[in-house]
Structures are given as C-alpha cells and as structure tokens.
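The structure appears below as structure tokens.
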Amino acid sequence: MLWREAYAVGVPLIDSQHKELFNRVEVFMQTLRSSVSWEEKVYRVNETLDFMKGYVVEHFQDEETFQKRIEYPGYQRHKAIHDSMVSYVLEVSEQYEKSGYNEQLMQQFAGKLMAWLINHVAVEDKRIAAYVTEKGVTLDD
Ligand SMILES: [Fe+2]
Ligand SMILES: [Fe+2]
C-alpha cells in the first residue's frame with residue numbers, strides 16, 4: 001500500500017479522498033507495469049486516466065472549499081499549485097490522445113503523478129493539518 005497514516009490531514013473527507021487517489025495511482029502503476037502487452041492493458045489504463053481526471057479536480061475543489069472555510073492563509077498559493085497540476089494532467093492526456101495512446105508517454109506520466117501526489121500530500125496538504133492544529137479549528141460544523 002502506498003498510503004501511510006503519516007499522510008493523514010485529520011479531516012475525514014480529505015483523508016478518504018487521498019486514500020482513494022493513492023489506491024487508484026497504485027492500481028494504475030500496477031497495470032502499467034504488468035507484463036501483458038500494451039494492447040491488452042490500454043483499455044484499463046485509459047479508464048483509470050479518465051477517472052483520475054475527474055476525481056483529481058473534484059478533490060482539489062473540496063480541499064479548496066475546506067481551506068476557505070477555515071480561512072487558511074496559504075489558500076491562494078495552494079490553489080495555484082492545484083491549478084497548475086490540473087493543467088499538466090489535461091495537457092498530458094491531450095498529448096496522449098493525439099499520439100494514439102503512446103505507452104512511453106503514459107509510463108512517464110504515471111511516475112510523475114505518483115511522485116507529485118505523495119510529495120503534495122506529505123508537504124502542502126500536511127500544512128493544512130498543521131494550521132488546523134495550531135488554530136484549534138473545529139471541524140464539525
Ligand atoms: Fe489533497
Ligand atoms: Fe492539495
């Protein structure tokens with residue numbers, strides 16, 4: 001499992017979305033690394049990619065809404081990071097479609113996505129947790 005308890009932000013909705021994202025990325029990597037031919041796995045790869053495109057945007061929006069609600073001071077900066085990741089994902093998937101589903105492109109993308117996700121959650125999203133603790137924000141209202 002890619003997910004670690006140390007990545008928990010302490011906000012149930014955000015943590016459950018992070019777990020789902022980590023699981024999907026893990027399955028995505030496993031599919032990509034499996035020894036079956038590209039023709040055999042391209043369908044599953046595309047399906048996961050489509051799911052990720054929607055889910056990542058949904059998660060970012062929910063996380064940003066939460067940040068606004070708690071008046072998180074790093075909101076603008078955090079949103080800019082999210083926005084540039086969304087642009088990157090859309091750019092790659094457009095390129096990927098144009099290339100006729102190039103395997104190399106997806107292999108590179110999956111590696112970057114995984115590294116980005118782990119780093120973002122462990123560094124940027126954890127800062128939200130630190131703020132919640134520091135300010136004593138109540139989560140249940
Ligand atoms: Fe997040
Ligand atoms: Fe985030």
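Just so you know, ligand 1 is whichever comes first in the structure, and atom 1 is the first atom listed for that ligand. Computed from heavy atoms alone, side chains included, the values below leave out hydrogens, waters and symmetry copies. Counting from 1, the numbers follow the sequence of the chain as shown.
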Sequence neighbours excluded, the answer for side chain to side chain donor-acceptor pair (under 3.5 Å) partners of Lys112 is none

Once you measure the plane-to-plane angle for Trp38 and Tyr96, does it fall in the parallel (<30°), tilted (30-60°) or perpendicular (>60°) bin? perpendicular

Considering the Fe ion (ligand 2), could you give the total of protein N/O/S atoms lying closer than 2.8 Å? 5

Are side-chain N/O atoms of His59 and His82 paired as donor and acceptor at under 3.5 Å? no

For Ser16, give me all partners under side chain to side chain contact (heavy atoms under 4.5 Å, CB included), at least two apart in sequence or on another chain. none

For Leu90, check side chain to side chain contact (heavy atoms under 4.5 Å, CB included) against everything at least two apart and list the hits. Lys53, Val86

Check whether Phe51 forms a cation-pi arrangement with Arg24 (NZ or CZ under 6.0 Å from the six-membered ring centre, at most 45° off the ring normal). yes

